[in-house]
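Predicted model only: the values in this text are computed from it and were never measured.
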Amino acid sequence: APFQAGQEGLSAAGARAARNELLVFIDDDIWLDNHFVTGLQKYAKSDVAAICGRILIPTERVPYARVQDDRAVLINGFIGRLKRCLGGIMAFQKAAFDRVKGFDEMFGIGAQYGGAEDIDIVLRLCHKGYKALYGPAMIGYHTREAGDDIREYLAKIYLYGQGEGAVREDRQGHVDV
């Protein structure tokens with residue numbers, strides 16, 4: 001049965017309607033640090049096509065993902081660096097985003113593969129010769145999900161893994177994963 005496009009379909013519609021040179025995507029369960037715009041401006045002035053922001057757990061001020069430290073890192077196809085890119089906060093030069101046709105609607109919440117839309121688009125940008133950056137000064141906050149029902153949490157992690165596996169399978173041979 002055909003799948004129904006989820007969040008990525010909505011993001012694509014927003015990107016098509018956008019008239020600015022810079023696109024910023026923020027998940028609905030992320031809230032931004034007071035200095036987010038300053039961080040965005042710091043990295044948007046450079047020659048990168050994609051910027052992945054840092055997500056912190058507000059009560060502890062620790063990264064949501066362990067690999068998201070406080071060092072700016074140029075992202076390439078290596079999986080260790082890609083893990084810094086979480087889809088909760090991402091910014092793109094519109095021209096580059098359009099060139100790779102934006103988020104692949106096969107990936108992300110509500111899609112065939114329930115995750116990995118973030119690493120998929122970064123890999124496709126790298127394949128086209130664009131630069132991507134993990135920018136830790138672009139900060140957003142997300143609550144810890146440990147209190148969630150364990151079955152829901154495991155289902156979510158499974159979908160993320162399924163998406164990542166599909167990205168690796170689909171992009172293998174195109175970029176160094």
Side-chain angles (χ1 to χ4, degrees), residues 3-33 36-55 64-65 67-68 72-79 81-140 142 159-160 163-164 166-177:
F3 71 96
Q4 181 178 12
Q7 182 176 330
E8 278 38 68
L10 296 173
S11 296
R16 281 191 301 274
R19 300 293 175 246
N20 296 318
E21 294 177 15
L22 186 66
L23 303 173
V24 179
F25 296 94
I26 303 161
D27 282 1
D28 63 354
D29 56 355
I30 299 281
W31 64 98
L32 302 178
D33 184 81
F36 175 84
V37 173
T38 303
L40 175 62
Q41 290 171 331
K42 175 181 179 178
Y43 304 121
K45 292 178 182 176
S46 61
D47 64 344
V48 297
I51 310 161
C52 306
R54 187 176 194 201
I55 301 174
Y64 188 75
V67 295
Q68 284 199 324
V73 175
L74 193 62
I75 303 299
N76 53 27
F78 296 112
I79 198 71
R81 291 187 178 183
L82 277 169
K83 291 289 192 177
R84 285 180 170 84
C85 285
L86 302 178
I89 304 174
M90 298 184 88
F92 301 93
Q93 295 295 335
K94 187 174 182 349
F97 185 87
D98 289 344
R99 182 159 183 234
V100 297
K101 298 179 175 61
F103 290 108
D104 186 331
E105 293 183 25
M106 297 287 287
F107 297 95
I109 295 171
Q112 181 175 356
Y113 301 107
E117 68 283 359
D118 39 16
I119 64 171
D120 174 68
I121 193 167
V122 171
L123 280 172
R124 289 186 289 117
L125 284 163
C126 289
H127 174 63
K128 294 286 188 188
Y130 289 105
K131 292 181 184 176
L133 179 78
Y134 163 65
M138 242 173 60
I139 296 173
H142 189 290
L159 291 173
Y160 288 172
E164 187 173 311
V167 168
R168 295 179 107 198
E169 178 70 24
D170 187 49
R171 307 294 177 223
Q172 190 175 14
H174 296 292
V175 293
D176 183 12
V177 293

> Kindly compute the distance separating NZ (Lys128) from CG (Leu123), expressed to the nearest 0.5 Å.
13.5 Å

> Here's a test for you: under side chain to side chain contact (heavy atoms under 4.5 Å, CB included), which of Leu133, Val122, Ile119, Val73 qualifies with Cys52?
Val122

> Of the non-hydrogen atoms in Ala44 and Ile51, which two are nearest, and what is the gap between them?
N-CD1, 3.9 Å

> Show the nearest heavy-atom pair for residues Ile30 and Gly88, with the distance to one decimal.
CG1-O, 3.9 Å

> How long is the span from the NZ atom in Lys131 to the CG atom in Leu74, to the nearest 0.5 Å?
6.5 Å

> Test Asp33 against Arg54 for side-chain contact (heavy atoms from CB on, under 4.5 Å), laying out the working first.
CA-CA 10 Å; Asp33 184 81; Arg54 187 176 194 201; over 6 Å; no

> How far apart are the C-alpha atoms of Leu125 and Phe92, what are their side-chain angles, what is the distance that settles it, and do they pass the side-chain contact (heavy atoms from CB on, under 4.5 Å) test?
CA-CA 10 Å; Leu125 284 163; Phe92 301 93; 3.9 Å; yes

> Locate the shortest heavy-atom distance separating Asp118 from Ile121; write the atom from each residue and the value.
O-CG2, 3.3 Å

> Would you call Arg99 and Tyr130 a side-chain contact if the rule is heavy atoms closer than 4.5 Å?
yes

> Where do Trp31 and His142 come nearest, in terms of heavy atoms and distance?
CZ3-CA, 4.5 Å

> Quick one: pull up CD in Gln93 and CG in Leu23 and give me the separation to the nearest 0.5 Å.
8.5 Å

> Is it true that atom NZ of Lys94 has more than 12 heavy atoms of other residues, nucleotides or ligands lying nearer than 6.0 Å?
yes

> So, do Arg124 and Asp104 sit near enough that their side-chain heavy atoms are less than 4.5 Å apart?
yes

> Under 3.5 Å, is there a donor-acceptor pair between the side chain of Tyr43 and the main chain of Val48?
no

> Please work out whether the ring planes of Phe25 and Phe103 are parallel, tilted or perpendicular, with thresholds of 30° and 60°.
perpendicular

> Output, in order, the C-alpha distance, side-chain angles, deciding distance and verdict of side-chain contact (heavy atoms from CB on, under 4.5 Å) for Lys42 and Thr38.
CA-CA 6 Å; Lys42 175 181 179 178; Thr38 303; 5.9 Å; no

> To the nearest 0.5 Å, what is the distance between CG on Leu22 and CZ on Phe97?
11.5 Å

> So which heavy atom on Met138 is nearest to which on Ile89, and how close?
CE-CG2, 3.6 Å

> Taking the side chain from Gln68 and the backbone from Arg84, do they hold a donor-acceptor pair closer than 3.5 Å?
yes

> Within a reach of under 6.0 Å around CZ of Phe36, are more than 12 heavy atoms found that belong to other residues, nucleotides or ligands?
yes

> Tell me the closest heavy-atom pair linking Cys85 and Ile75, and the distance in Å.
SG-CG1, 4.0 Å

> Indicate yes or no for a side-chain donor-acceptor contact from Asp27 to the backbone of Asp29 under 3.5 Å, with no hydrogens or angles considered.
no

